[in-house]
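Everything on this sheet refers to the single structure shown next.
Note that these values count all heavy atoms, side chains included, but never hydrogens, waters or copies made by symmetry.
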Amino acid sequence: MRAVFSLHFLILSTLYGLSAADEQHERVMKEPDATRTIRFTSPKLNAEDEHSDHMPEYLKCDACKAIAFQMKDYLVKAESKKTAVKGKEAALSESEYVDTLEQCCAQKWEQYGLREVHGFKRLSGPGLETADQMGMIMYGGPWPIRLFKMCQSYLGEYDETEIYQKYRSYPDSLEDFFCYANGGVCKKPSKTKKNEL
């Protein structure tokens, strides 16, 4: 009898000890630790950010990359629909790729917004390296209409046939074509020379 009582006492003490330890662990986890605190703030907008009709200069590279990504995505989807119907890889006709590129520019662009990354304001959304960054993102506002206008300007500046041929030669080349080549809005990162000892 005494052995059974001791066994019950041991089990209850162990359970109480685990329960008390769990409560202590939860309390510690709930208390904020200043070294682990992550704070997200929305980007602070200046007058140009809020009121300009055009994409601010410092965001044009991100915007260009977003547009190139969306054009590629729209063309890939259009070709895959045609391929599904025809049964083999099929190129789009002129009217089809012109219509596809116009639909791309006419989209709502709601999946793009402004976020602060390492102290800098950046566009964020599909196809951009900032899409996976942590932080608050400011959707809506002037960004969709600015992306629409910039996309339309590319369709005015470049012939749709030229755009489609670039895409057909290498789908990922649209970013280089729009954003880097011929004085594009993006600059290639400079390669730093390794110091020789």
[atom1]-[atom2] distance between [X] and [Y], expressed to the nearest 0.5 angstrom:
X	Y	atom1	atom2	value
Glu102	Gln107	CD	CD	13.5 Å
Leu114	Met136	CG	CE	11.5 Å
Leu101	Gln70	CG	CD	12.0 Å

(Q) Under a 3.5 Å cutoff, is there a donor and acceptor pairing between the side chains of Glu79 and Tyr167? (A) yes
Q. Are Gln103 and Thr100 close enough that a side-chain donor and a side-chain acceptor fall under 3.5 Å?
A. no
For [X], check side-chain contact (heavy atoms from CB on, under 4.5 Å) against everything at least two apart and list the hits.
X	value
Glu94	Tyr97, Val98, Thr161
Lys166	Ser173, Leu174, Phe177
Ala91	Tyr164, Arg168

Q. Which residue pairs pass the salt bridge (charged side-chain N to carboxylate O under 4.0 Å, His left out) test with at least one member in residues 173-183, sequence neighbours excluded?
A. Asp176-Lys188
Q) According to the salt bridge (charged side-chain N to carboxylate O under 4.0 Å, His left out) rule, which pairs have a member within residues 149-161, sequence neighbours left out? A) none
Q. Can you tell me if Thr83 uses its side chain to pair, donor with acceptor, with the backbone of Ser80 under 3.5 Å?
A. no
Q.
Whether the side chain of Arg146 engages the backbone of Ser52 through a donor-acceptor N/O pair (distance < 3.5 Å, no angle test) should be reported.
A. yes
Kindly indicate whether the side chain of [X], heavy atoms from C-beta on, has any atom under 4.5 Å from the side chain of [Y].
X	Y	value
Glu96	Lys81	no
Phe148	Lys108	no
Leu75	Leu92	yes
Cys151	Met71	yes
Ile163	Leu155	yes

Q: May I ask you to decide whether Glu57 forms a salt bridge with Lys60, counting only side-chain N to carboxylate O separations under 4.0 Å?
A: yes
Q: Taking the two cysteines Cys61 and Cys179, decide whether their SG atoms are closer than 2.5 angstrom.
A: no
Q | Residue pairs involving residues 103-140 (criterion ring-ring contact (aromatic ring centres under 6.0 Å, His included); sequence neighbours excluded) | A | Trp109-Tyr112
Q) Which residues satisfy the side-chain hydrogen bond (donor to acceptor under 3.5 Å, both in side chains) test with Glu162, sequence neighbours excluded? A) none
**Q.** Set of side-chain hydrogen bond (donor to acceptor under 3.5 Å, both in side chains) partners for Lys77, sequence neighbours left out
**A.** Asp73
Closest non-hydrogen atom pair between [X] and [Y], with its separation:
X	Y	answer
Cys64	Met150	N-CE, 3.8 Å
Gly125	Ala131	O-CB, 3.2 Å
Ser93	Lys82	N-NZ, 3.8 Å
Leu128	Leu123	CD1-O, 3.6 Å

(Q) Hydrophobic clustering (ILVMFWY, side-chain heavy atoms < 4.5 Å, transitive) - are Val117 and Tyr58 grouped together? (A) no
Q | Residue list, salt bridge (charged side-chain N to carboxylate O under 4.0 Å, His left out) with Asp99, at least two apart or on another chain | A | none
**Q.** Those residues that, when tested against Tyr154, pass ring-ring contact (aromatic ring centres under 6.0 Å, His included) (two or more places apart)
**A.** Phe178
**Q.** Listed once per pair and sorted, the side chain to side chain donor-acceptor pair (under 3.5 Å) pairs that draw on residues 124-138, sequence neighbours left out
**A.** Arg115-Ser124, Arg122-Glu129
(Q) Which residues pass the disulfide bond (SG atoms under 2.5 Å apart) test with Cys104, not counting sequence neighbours? (A) none
